Amino acid sequence: MEKTYEPHAIERQWYQTWEEKGYFKPAGSGTPYCMMIPPPNVTGSLHMGHGFNNAVMDTMIRYRRMKGDSTLWQVGTDHAGIATQMVVERQLAAQGVSRHDLGREQFLAKVWEWKEQSGGTITRQIRRLGSSVDWSRERFTMDDGLSTAVQEAFVRLFDDGLIYRGKRLVNWDPKLHTAISDLEVENHDEKGFMWNLRYPLADGATTADGKNYLVVATTRPETMLGDSAVAVHPEDERYQSLIGKFIQLPLVNRLIPIVADDYVDREFGTGCVKITPAHDFNDYEVGKRHNLPLINVLDKNAAILASAQVFNIDGSLNSSVNSALPADFAGLDRYEARKQIVAALEAAGLIEKIDDHALKVPRGDRSGVVIEPWLTDQWYVSTKPLAEPAIAAVEDGRIQFVPKQYENMYFSWMRDIQDWCISRQLWWGHRIPAWYDASGKVYVGRNEAEVRSKYAIAASTPLTQDEDVLDTWFSSGLWTFSTLGWPEQTELLKKFHPTDLLVTGFDIIFFWVARMIMLTMHLVKHEDGTAQIPFKTVYVHGLVRDSQGQKMSKSKGNVLDPLDIIDGIDLETLVQKRTTGLMQPKDAAKIEKQTRKEFPEGIQAYGTDALRFTFCSLASTGRDIKFDMGRVEGYRNFCNKIWNATRYVLMHCDEQDCGQDSATDYELSVADRWIISKLQLAEKNVAEYLDSYRLDLAAQAIYEFVWNEYCDWYLELSKPVIWNTEATAAQKKGTRRTLIRVLETILRLAHPLMPFITEEIWQKIKPLAGASGETIMQARYPEAQESKIDQQALSDVEWLQAIILGVRNIRGEMNISPAKDLPVLFKNGSAEDQQRLQSNQQFLKKLASLESITWLNASDAEPMSATTLVGNMEILVPMAGLIDKDAEIARLSKESGKLEMDISRTEAKLSNAAFVDKAPAEVVEKERARVAESKMAIEKLREQILKISAL
RNA sequence: GGGCGGUUAGCUCAGUUGGUAGAGCAAUGCCCUUACAAGGCAUGGGUCACAAGUUCGAGUCUUGUACCGCCCACCA
């Protein structure tokens, strides 16, 4: 084996082998266990979030697979409607072409082309992460099977009255020209203004204080063109007499009523609110209550129309309202219109004042432009009836969130859920299976032929299919069962659905998790007709942030590519990568500077295993994680440690008899029995942590066992046996057997977290360890056996460690070269100490670098020594005039100082009658024993201090 | 406005049913000792954000405060 662990040399071929041999496919007759990958955007590329998500999922699926479950990790990609369409449109725009220039069919061909071209990137990257997904079952949300499922779901929901079409106010994205759902709107604080406008009263009416106008406040003055009322609070005394009277709407010169509605907050502003039902969600509600017309003054670009489109509340056209708009503003963009309308009002003396005002501005999460509430015809899912069972499933624990606190988030959203707008005015996506006749009547069916037969429509009657496509999340919502063949009752569906575990970020709980639960429970039933849930457990993880805690984003230039951590990247390439394709090219200089500062040497190649282990170790309770390159380096070193431990083990075991399974001709040392005992404890802990989704603790337990117990202690303790010319063949065989078998178990224990290095080494050592099988992936996961825990060995080695630590401490503090073997004396030990000393000489000598061990009787004279205590036994390191008096006194004083502190604290406790009375007897007893022990020790230290001082 | 989470060693984080605070990294000292310098051995470092309460005993339970972060919400 190479002297140093080289991830590249070992990661390349294993994945290919695993995939080719079909190890990722469900196998065996074990308990079915299924996970669904959150389908990444087909044209996307891997980011740290994927890396984290995949590390967690692959660890869980490999664990279950090794436990003997029949596992399926379903893989696939998402067509990501808006995102993908935007990318292709941007490419076309660079050539000066719009999608409308191409037409629907040609444009879609372009998108498919782009998908074919870039679609392999993310899947190749997922392979590099080592994810053991079943590629033979890879699906795409737009492939035939899934498209069928989408149609089927739509039709069934429609037939069940859970999908409807209606003219309503929606979140309209004026850049993308599509409706979007509430969730796709981000509300952030921005600075703006509050315009206070004077609205003249009609018919000579006046306010209580004699004014002939009302003052209304607005952050969006341009919408005044669509006002259809002014509202006041019904109990507001100031305006009682005006309710039912009219306003002469400025610029438009339309009469609008003054209505009373308790939506109005009397305390805010003047207590008068302009009502624009066609351009504000609240006003829409007020408008419904007062049967106000909806006056739509904007077109799909959010520019002012030449004449308003006036609708009744049900969306039907209303001709009783004057639809003329002031010609001056026709065609103006909403912000330009705002300026000009304000100017016009100003000129007319109708601006009372303009205040600075902070407000929430709704922006599209994709386009970034301000969303316009706009009146259009859209398709909706009626969510309330779907939410009810979906809430119940989490309440009664059929579905569990890990960590549990996310259930609150889920509940609060689900209990106040709004209908889901699922139609998008895009081309890339699942076309809505609805057809219209010439009169606009809508028919829903799986295809045109079905629609014709279902609704008895003659072949001669022309039907046109709805132009719109479905929200991407509608198809993602079917993911757990559409991928398994639904609506067919496939064997796979029966076997693996409901799935077991979903691993996902908290940011898509609403977008995806909640909708999957709702759609699945309505569409998929058990044989007895009860609803199926999509999954039993939802493991929710946080965002991966940079080392400063900042969200990673291209524009901040702090993005890390998981593959760059795996393969390494030099500084220049990294800088280039981070500074090209920026939205704001001026940020480049700053990003470059910051990158050069953080990665002066670029990034080393740490390998997949180190990266995965890092993700696992950071995967604590659902919080965001700050990604720290230092951790990766530490775990790369951990890989190296395993690598070198293997070299040591092979050095002594290769081509040697390491004891076959059936062999009995070997003898286990106390160290062998100790490490085997410790291994059982580690196995127990790791399994518990994996079962409770605490991958951080599992990673820590593995690290701790491998490095601190196996390498630091056991490998050292094996040397006195292996190297001892006097040791018997049985003893050597026992130690060889233990070395190799514990190592082999470590590999299986760690394999789910670090698949490559464990497979590589396992293949090398399996024959020696008595293991068989083609791959570690199919080896059994270690299970702790209580019977192998040897309490005597545990306490014996603990005792050994205490002595070795004591001597090393003296060596360190007294500045004695580690190369110098020391003669050591023992005194005041018990019979057990003496017996232990007798049988463990070889360990002590080797690990503490001792020249000799001498047992002193109480009466024996002792040479001047540095001393330390193990229990009551004194360990003396003779200093033969070399002793640094002050240093030794200082060392001993420090020791006794610690003890004194401890004694005074414990005694204080024991002198408290309440403690002695009320605390459990065993706790009190423990404290008493502690005091007694400390007192003995302190006494000895004092004697020693006196002795040294007297020199 | 409502809800959730966080505050523990210089940094990043653990801390299981309340019983004298742990890890990794960083720091310091000594070592290229025949698995590993991507290493070994040793050492230092914390009034667990603050306050009150419950308790014999609180990092851990209760209440409140401060600061940080996130989610949701209709104040024009």
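Given the structure is predicted, the values throughout are model-derived calculations rather than measurements.
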Looking only at side-chain atoms of [X], point me to the closest of [options].
X      : options             : value
A/A645 : B/G24, B/C75, B/A35 : B/A35
A/H357 : B/A76, B/G5, B/A42  : B/A76
A/K926 : B/G19, B/C56, B/G24 : B/G19
A/K626 : B/C13, B/C72, B/C25 : B/C13
A/R623 : B/U43, B/C41, B/U7  : B/U7
A/R808 : B/C70, B/C41, B/C36 : B/C41
A/N815 : B/A76, B/C30, B/C56 : B/C30
A/N640 : B/A76, B/G40, B/C36 : B/C36
A/L697 : B/A38, B/A35, B/A14 : B/A14
A/K641 : B/A76, B/A35, B/U33 : B/A35

Spacing of [X] atom [atom1] relative to [N] atom [atom2], expressed in whole Å:
X      : N     : atom1 : atom2 : value
A/L822 : B/U33 : CG    : C1'   : 14 Å
A/L805 : B/G40 : CG    : P     : 15 Å
A/I757 : B/A35 : CD1   : C1'   : 13 Å
A/E633 : B/U12 : CD    : P     : 18 Å
A/N408 : B/C70 : CG    : C1'   : 14 Å
A/W707 : B/A35 : CH2   : P     : 16 Å
A/R811 : B/C41 : CZ    : C1'   : 9 Å
A/K898 : B/U43 : NZ    : P     : 8 Å

Just N and O in the side chain of [X]: are any of them under 4.0 Å from OP1 or OP2 of [N]?
X      : N     : value
A/W713 : B/G40 : no
A/N912 : B/G57 : no
A/K360 : B/A73 : no
A/K274 : B/A76 : no
A/K894 : B/G44 : yes
A/K719 : B/U33 : no
A/S412 : B/G3  : no
A/N809 : B/U43 : yes
A/R694 : B/G15 : yes
A/K3   : B/A37 : yes

Using purine N1 to pyrimidine N3 plus N6-O4 or O6-N4 for Watson-Crick, or N1-O2 and O6-N3 for G-U wobble, both under 3.5 Å, which nucleotide pairs with [N]?
N     : answer
B/U33 : none
B/A73 : none
B/A42 : B/U28
B/G22 : B/C13
B/U62 : B/A52

Roughly how far apart, to the nearest Å, are [N] and [M] at atom [atom1]?
N     : M     : atom1 : answer
B/C31 : B/U16 : C1'   : 39 Å
B/A49 : B/U60 : C1'   : 16 Å
B/A14 : B/U28 : C1'   : 25 Å
B/G64 : B/G2  : P     : 13 Å
B/G22 : B/G29 : C1'   : 23 Å
B/A26 : B/G10 : C1'   : 7 Å
B/G53 : B/U47 : P     : 23 Å
B/G59 : B/G18 : P     : 13 Å

Categorize [X] for me: base, sugar-phosphate, or nothing, with a 4.0 angstrom heavy-atom threshold over every strand shown.
X      : result
A/E716 : base
A/F281 : nothing
A/F638 : nothing
A/D712 : sugar-phosphate
A/C711 : base
A/S817 : nothing
A/A819 : nothing

Given that A/E813 and A/D265 both sit by RNA chain B, which one's nearest nucleotide is further toward the 5' end?
-> A/E813
Toward the 5' end of RNA chain B, which comes first, A/V264 or A/Y5, by nearest nucleotide?
-> A/Y5
Lys NZ or Arg CZ of A/R168 over A/W420 ring: under 6.0 Å, within 45° | no
Between A/Y648 and A/K719, is there a cation-pi geometry (under 6.0 Å to ring centre, at most 45° from the normal)?
-> yes
Applying side chain to side chain contact (heavy atoms under 4.5 Å, CB included), run through A/Y199 and A/M224 and close with a yes or a no.
-> CA-CA 10 Å; A/Y199 273 19; A/M224 59 84 62; 3.1 Å; yes
Evaluate the criterion side chain to side chain contact (heavy atoms under 4.5 Å, CB included) for residue pair A/L910 and A/V931; output intermediate values, then yes/no.
-> CA-CA 10 Å; A/L910 285 164; A/V931 173; 3.8 Å; yes
Indicate, yes or no, whether a donor-acceptor pair under 3.5 Å links the base of B/A14 to the side chain of A/E704.
-> no
Would you call the rings of A/F638 and A/Y703 parallel, tilted or perpendicular if under 30° counts as parallel and over 60° as perpendicular?
-> tilted
So that I know where these two stand, are [X] and [Y] an aromatic pair - ring centroids less than 6.0 Å apart?
X      : Y      : value
A/F615 : A/F52  : yes
A/W413 : A/F411 : no
A/F613 : A/Y635 : yes

Using a strict cut-off of less than 4.0 Å between a Lys/Arg side-chain nitrogen and an Asp/Glu carboxylate oxygen, indicate whether A/K191 and A/D356 qualify as a salt bridge.
-> no
Counting heavy atoms not belonging to A/Y263, are there more than 12 under 6.0 Å from its OH?
-> yes
